[in-house]
Amino acid sequence: MNMTSAQIRDAFLNYFESKQHQIVASSSLVPQDDPTLLFTNAGMNQFKDTFLGLEPRSYSRATSSQRCVRAGGKHNDLDNVGYTARHHTFFEMLGNFSFGDYFKQDAIDYAWDFLTRVLGLPKEKLLVTVYESDDEAFDFWVNRIGVPAERVIRIGDKSSDKPFESDNFWQMGDTGPCGPCTEIFYDHGEHIWGGPPGTPEEDGDRFIEIWNVVFMQFNRQSDGSMNPLPNPSVDTGMGLERIAAIMQGVHSNYEIDIFQHLIAGAAKLVGTEDLEQKSLRVIADHIRSCGFLIADGVMPSNEGRGYVLRRIIRRAVRHGHKLGAQDVFFYKLLGTLIEQMGEAYPELSSQRPVIEKVLRLEEEQFMKTLERGLQILDEELEGLDSKTIPGSIVFKLYDTYGFPADLTADIARERDFDIDQHGFDAAMAEQKARAKKASNFGTDYNDNLVIEGETKFLGYDSLDSSGTVAAIYVDGEPCDSIVAGNEALVVLDQSPFYAESGGQAGDSGEIEFAEGRFIVKDTTKVGKAYAHMGYVEAGAMQIGDSVKARVDSRQRWNTALNHSVTHLLHAALRETLGEHVTQKGSLVEANRLRFDFSHLEGLSFKTVHQIEHLVNQQIRRNNLIETQVMDLDSAKSAGAMALFGEKYDDDVRVVRMGDFSTELCGGTHAGRTGDIGFFKITNESGVAAGVRRIEAVTGQTAIDLIHRVGTELNDSAQLVKGDQFSLKEKLAQIIDRGRWMEKEIDRLKQELASHAGNQLLDNIQTINGVKVLIAAMDEVEVKTLRGTLDDLKVQIESGVVLLATVNGDKVNLIAGVTKDLVSKVKAGDIVNQAAPYIDGRGGGRPDMAQAGGTKPEGVVEALHAVKQWLSSQLSD
């Protein structure tokens with residue numbers, strides 16, 4: 001049965017949905033709350049906390065088609081892409097998952113049933129592996145499924161001294177959930193070299209793994225012991241590209257439908273008809289990872305995820321350059337990608353403008369670097385006596401010309417060269433050491449504070465409440481009590497104070513207790529506990545004290561106004577600039593707000609006014625700001641916008657402002673949009689590649705700003721004898737008059753210099769029949785000096801002129817030689833003779849040259865030296 005990739009994806013998801021699995025959308029390529037991962041690289045990533053029991057779900061069975069990237073960190077396939085049949089930077093992983101529901105028997109049944117009945121794969125083409133000691137799985141395969149025992153291969157540990165280190169035993173880490181695996185392999189046929197898993201020929205391409213089932217069965221302890229998990233789970237994965245190759249009767253993943261269309265599109269763009277070139281594979285693979293990474297909010301940069309994206313883009317562009325691409329081309333391939341994958345992943349279409357723009361700008365920038373870098377590399381390679389490029393050269397290309405070391409290594413490999421990686425690393429280490437030495441950054445050791453327990457937040461409904469002191473920390477250490485003057489973190493069992501999160505600043509206020517008062521300067525989250533940061537004003541506080549917590553109402557209210565307006569601003573930006581705009585960060589305080597968003601270009605003054613108008617329009621409509629708690633899926637169905645990179649609980653707060661804005665948000669807000677009063681943008685700027693920032697104020701702060709601006713305008717208008725509405729015209733008149741006066745001053749200076757030049761004619765000397773004029777002029781500008789030189793050359797008709805002038809501590813020399821004498825003496829030689837005496841340097845044409853210096857006291861000696869030199873030069 002020949003099926004397209006899209007048909008296989010749909011068949012897989014529909015099959016498991018029929019088996020009571022919840023279809024879960026692919027998560028972002030940027031992992032949420034998982035610092036151990038650079039990119040999402042497996043289907044189970046989004047369920048990691050569920051497997052660990054930290055994040056309960058409303059379902060116990062799930063299925064997904066997860067987009068994955070392996071191009072950095074531990075899982076990095078980038079260097080192999082295009083050179084092998086199955087390595088990709090981007091791939092789709094089909095998976096089904098059980099969270100303490102079914103286990104080995106059903107997982108094996110489902111896998112076999114889908115492959116042999118739904119997809120119709122011949123059973124005799126499939127073989128299976130199990131972990132060596134997993135008799136239960138072996139028994140299921142042989143006695144329940146009916147796979148011949150000789151086609152079920154037991155895979156043991158790689159060495160006797162390292163138990164459980166096996167291709168068929170999965171571990172999340174050195175400790176934690178783990179368990180045996182069973183894998184299904186497809187036999188591509190005897191005509192392809194390779195042997196079954198577990199044999200010396202297993203690295204061949206005949207037997208290809210298509211399905212892996214992980215049985216999370218144990219919890220590994222630090223001492224190596226294995227304790228059975230109370231709720232064993234299942235994690236499976238099947239690469240869409242691999243199964244598509246089998247279903248479409250081809251051996252290489254690059255021969256499947258998606259890649260064939262992308263390769264053909266790439267070939268057309270770069271102008272080649274040879275579809276077998278490896279570079280086309282690279283380009284076809286890379287447009288997928290680049291398109292999806294940008295759609296998920298990653299922007300090219302020089303560090304982290306952004307650097308990996310930049311590296312992939314540059315690798316694709318270079319391969320296009322190798323094939324003869326004369327202009328930018330890579331971004332144009334996005335249209336073909338959308339044709340192939342846009343239905344399954346609509347974000348590609350909705351984000352198309354920003355993806356294309358990012359790719360085009362990055363390609364244009366890199367083409368300049370590439371041209372210069374290749375030229376330098378070619379020059380360096382010509383002078384090498386060995387096949388290893390020294391680390392110093394690799395570092396020079398990187399540090400001076402912006403040519404990445406990995407790109408140099410990639411090119412070197414194609415030309416049968418190696419690079420001295422050790423030498424490059426040493427040079428990089430030296431550079432980092434120099435940077436570190438120059439740095440003044442320190443470390444805040446309180447960042448490592450861990451607080452157990454949870455504070456119940458009461459601040460949505462009240463600004464003051466009772467509570468109990470649950471914990472106290474001084475300098476990061478727990479203590480039982482604090483007294484007047486002590487600074488500390490105080491944790492309450494319940495609190496009306498909002499803890500800093502989602503960009504909203506933490507509340508301030510006070511906590512009263514029987515013997516005194518604790519002043520709260522800020523509130524932050526440490527785990528699920530609220531840490532009230534401040535100091536004891538009077539009395540002594542201890543754990544267990546009953547307290548009265550009271551928030552600074554004015555600060556909370558002003559902060560809430562600014563938080564509410566960020567929602568209106570977000571919606572206004574999307575309406576004005578396009579749906580590619582997503583929030584990239586925010587800061588909401590009582591007296592100002594800051595909002596970062598994805599966009600590639602700066603905003604014009606007109607656009608800023610348009611955004612302000614939209615926001616203030618919504619403020620004037622005075623819509624009710626409604627908050628409602630609902631489950632996450634219902635919230636998304638209701639049109640609530642989830643912020644990129646945020647992780648949400650199953651139940652979320654939805655904030656709605658009329659029909660203009662609906663977002664998921666846990667912050668505090670005004671009652672109606674009219675409460676905001678007035679919104680004014682104070683600044684718009686760029687903060688990173690593809691990220692812009694708007695700073696703004698609201699309410700009385702915005703009105704005060706308008707008054708201050710009005711006062712400045714009025715005062716400025718009075719200075720030019722006008723009013724606020726004629727200020728522009730008055731300034732234009734002043735600027736025009738200033739320009740006229742500058743021109744008039746230049747004209748008068750030139751006249752004075754010309755008059756002084758005419759007087760200099762009396763100083764002409766004749767050396768061996770050649771007219772020579774050497775003189776100093778007082779405080780003449782360089783531009784005027786040049787005009788004087790030209791006039792003198794015309795008047796003497798044939799001769800040599802050297803003029804000098806001193807302005808403060810700067811010296812300027814200018815020399816001129818008429819055309820008929822440049823064969824005897826050159827202007828450049830003249831200024832070079834004089835330059836050393838004024839601590840300067842110079843150069844120019846044979847008939848005119850200039851020099852500048854910083855030693856005014858050397859002018860007389862310089863002119864005398866030139867006169868002596870000319871006497872020698874003109875004596876021939």
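As the structure is a computational prediction, the values presented were derived from the model and not from experiment.
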Judged by modelled atom types alone, do [X] and [Y] share a side-chain donor-acceptor pair under 3.5 Å?
| X | Y | result |
| --- | --- | --- |
| T524 | E500 | no |
| D285 | T89 | yes |
| S495 | Y498 | no |
| S586 | Q583 | yes |
| T455 | Q494 | no |
| H88 | E241 | no |
| N168 | T129 | yes |
| E92 | S65 | yes |
| D157 | S166 | no |

F47/F99 under ring pair (Phe, Tyr, Trp, His ring centres under 6.0 Å): CA gap, chis, key distance, verdict: CA-CA 9 Å; F47 303 115; F99 312 116; 5.4 Å; yes

Measure from the side-chain N and O atoms of [X] to the backbone N and O of [Y], and report whether any donor-acceptor pair falls under 3.5 Å.
| X | Y | value |
| --- | --- | --- |
| R61 | Q22 | no |
| Q46 | V24 | no |
| S233 | M216 | no |
| S289 | F90 | no |
| Q7 | T4 | yes |
| N231 | D101 | no |
| T63 | H21 | no |
| R242 | E209 | yes |
| T116 | W112 | yes |
| Q66 | L94 | no |

Quiz item: cation-pi between R653 and Y460, 6.0 Å / 45°: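 Verdict for Y460: a cation-pi partner in R653.
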
Steps toward salt bridge (Lys or Arg N to Asp or Glu O under 4.0 Å) verdict (R154, D135): CA-CA 9 Å; R154 295 179 183 264; D135 295 332; 2.9 Å; yes

Intermediate values then yes/no, side chain to side chain contact (heavy atoms under 4.5 Å, CB included), L337 and L262: CA-CA 7 Å; L337 177 63; L262 290 172; 4.2 Å; yes

Output field: ring centroids F597/H580 closer than 6.0 Å: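 No, ring centres 6.0 Å or more apart.
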
Parallel, tilted or perpendicular: rings of Y530 and F457 (30°, 60°):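 F457 vs Y530 ring planes: tilted.
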
Ring geometry between F16 and Y110 (parallel below 30°, tilted from 30 to 60°, perpendicular above 60°):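 Geometry flag for F16 against Y110: perpendicular rings.
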
Inter-residue atom distance I153.CD1 - E183.CD, 0.5 Å rounding: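 So the CD1 of I153 and the CD of E183 are separated by 10.5 Å.
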
Rounded distance [0.5 Å steps], CZ in F595 versus CG in L587: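 It comes to 12.5 Å.
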
Worked check of side chain to side chain contact (heavy atoms under 4.5 Å, CB included) between I145 and I108: CA-CA 8 Å; I145 301 299; I108 290 172; 3.7 Å; yes

Note: [X]-[Y] ion pair, threshold 4.0 Å (strictly below):
| X | Y | result |
| --- | --- | --- |
| K158 | E165 | no |
| R67 | D296 | yes |
| E343 | R9 | no |
| D106 | K19 | no |

All ring pair (Phe, Tyr, Trp, His ring centres under 6.0 Å) counterparts of F114, not counting sequence neighbours: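 Once residues adjacent in sequence are excluded, the partners of F114 under the ring pair (Phe, Tyr, Trp, His ring centres under 6.0 Å) criterion are F12, Y15.
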
Heavy-atom side-chain proximity of T182 to V128 below 4.5 angstrom: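 Answer yes - side chains close enough.
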
Side chain to side chain contact (heavy atoms under 4.5 Å, CB included) between F218 and N227, intermediate numbers included: CA-CA 5 Å; F218 305 106; N227 296 335; over 6 Å; no

Identified ring pair (Phe, Tyr, Trp, His ring centres under 6.0 Å) partner of F215 from the options F140, F169, F103, Y102: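 Going through the options one by one, the only one that passes is F103.
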
